[in-house]
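Structure, as structure tokens:
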2 protein chains.
Amino acid sequence: MVSKNLEISEEIEIPEVISGLRMTRQRQEIYRTLMQQRNHPTANDVFMRVKDRLPNISLATVYNCLEALVQHGIIRQVNFDRESSRYCPNLSEHGHFHDATTGVIHDVSFKPGINLADVLDLPPGAIIEGVEVTLRGKLVAI
Amino acid sequence: MVSKNLEISEEIEIPEVISGLRMTRQRQEIYRTLMQQRNHPTANDVFMRVKDRLPNISLATVYNCLEALVQHGIIRQVNFDRESSRYCPNLSEHGHFHDATTGVIHDVSFKPGINLADVLDLPPGAIIEGVEVTLRGKLVAI
DNA sequence: TTTTATAATTAGAATAATTCTTGATATTGG
DNA sequence: CCAATATCAAGAATTATTCTAATTATAAAA
């Protein structure tokens, strides 16, 4: 039901400033979109969705806003091979499982107590600033 | 010393067929390049290196060959964010640590006995077909 | 408030990595 | 040797993303 999403949108309130970033109208709407539709959309997906509310927004602005949000640690940018980047408002440390059959991306968390640095043989002196764990595969009925 | 590499190249012998892929001259030279220079070159890096021996090779052919080698599981394609793909002949399961200061990429292996599936909360029914672990950071003197 | 400075937005052009297309070459199997 | 198939080369095309320049909005100062 297409209209349902529009009707539901219980206006998530977004502050004027997050992590030092001024939340302009465009950034608000883009962030709201990500919070509401947590299916790891591409910049173009976000562009199409947000046009309902900001008909004049440009794709360049979507890219600018997404980048600003990423730079300020408000959202995460996720890459799968050489596909378009996807964006994700889940800031907890997690990886991604890409179901090759449906294309759906599932967040994958680490089991409690697991620290990635503990299971890897890092080069001596390595200071980790960012981690990305990506899994590709199929989801079968269980 | 630029000429040294050329002189050293102790002609690694490459079989006519690997994993069912006919090793044409171009594929041989590209594979040899990867085996000799294990610094995760891009397609363009490979192109420039391999031109010494195959002056007529085209970049498109380098891409074709790299793709054929990847498809046949002879090499791995490694992606960092949205940068150019890099290629790697190390087939053992491993991740990559990208030193932001120098740009150098280090292979990172799992500690013995570690199975990535054991430390992740995978969605039920997930069958893993490929894994990528990428770390970004700095290397400090110890 | 007006003025001024700074930041954000827009539209479209530019870029860069990669893929595609087409025609030429080479290789293999019969 | 000949036909079928695979590979290769050159350059055009594609696609995601970034850049440029002009406009608009916001904040800060007077």
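Residue numbers begin at 1 in each chain, while the letters A, B, ... track the order of the sequences.
- For the pair B:Ile30/B:Phe47, no side-chain contact is recorded, criterion being any heavy-atom separation below 4.5 Å from C-beta on.
- Nucleotide C:dA17 holds its P atom 18 Å from the CG atom of A:Asp81, rounded to whole Å.
- Side-chain atoms of A:Asp45 and A:Gln37, non-hydrogen and from C-beta on, never get closer than 4.5 Å to each other.
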Stepwise side chain to side chain contact (heavy atoms under 4.5 Å, CB included) test for B:Asp121 and A:Phe110: CA-CA 6 Å; B:Asp121 255 330; A:Phe110 293 94; over 6 Å; no

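- An OP1 or OP2 oxygen of D:dA10 is reached within less than 4.0 angstrom by no side-chain nitrogen or oxygen of B:Ser58.
- Taking 4.5 Å as the limit, some side-chain heavy atom of B:Val108 sits within range of a side-chain heavy atom of A:Pro123.
- Remark: C1' of C:dA8 and CG of A:Leu54 are 13 Å apart, rounded to the nearest angstrom.
- The aromatic rings of B:His40 and B:His96 lie perpendicular to each other, with more than 60° between the two planes, well past the 30° mark.
- Comparing atom distances between the B:Gln26 side chain and each of C:dA8, C:dT10, D:dA9 picks out D:dA9 as nearest.
- Side-chain proximity of B:Arg27 to D:dA9, D:dC8, C:dT27: nearest is D:dC8.
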Between the protein and nucleotides 11-20 of chain D, which nitrogen or oxygen pairs are less than 3.5 angstrom apart?
unit_1: D:dT17; atom_1: OP1; unit_2: A:Ser85; atom_2: N; d: 2.9
unit_1: D:dT17; atom_1: OP1; unit_2: A:Ser85; atom_2: OG; d: 3.2
unit_1: D:dT17; atom_1: OP1; unit_2: B:Arg82; atom_2: NE; d: 3.1
unit_1: D:dT17; atom_1: OP2; unit_2: A:Tyr63; atom_2: OH; d: 2.4
unit_1: D:dT17; atom_1: O5'; unit_2: A:Tyr63; atom_2: OH; d: 3.3

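- In this entry the distance linking CZ of B:Arg25 with P of C:dT25 reads 19 Å, nearest Å.
- Whole-Å rounding puts the B:Arg53 CZ to D:dC8 P distance at 16 Å.
- Atom CE in A:Met23 sits roughly 14 Å away from atom P in D:dA27 (whole-Å rounding).
- Applying the side chain to side chain donor-acceptor pair (under 3.5 Å) test to every pair with at least one member in residues 131-142 of chain A, sequence neighbours left out, gives these pairs: A:Lys138-B:Glu129.
- The closest side-chain heavy-atom distance from A:Pro15 to A:Met23 is not below 4.5 Å.
- Look at CD1 on A:Ile57: it is 16 Å from C1' on C:dG12, rounded to the nearest Å.
- Note on B:Thr24: only backbone sugar-phosphate atoms sit closer than 4.0 angstrom, heavy atoms only; bases stay farther off.
- Counting to the nearest Å, the P atom of C:dA17 and the CG atom of B:Leu66 are 15 Å from each other.
- When the C1' atom of C:dA24 is taken as reference, atom CG of B:Asn56 falls 13 Å away, rounded to whole Å.
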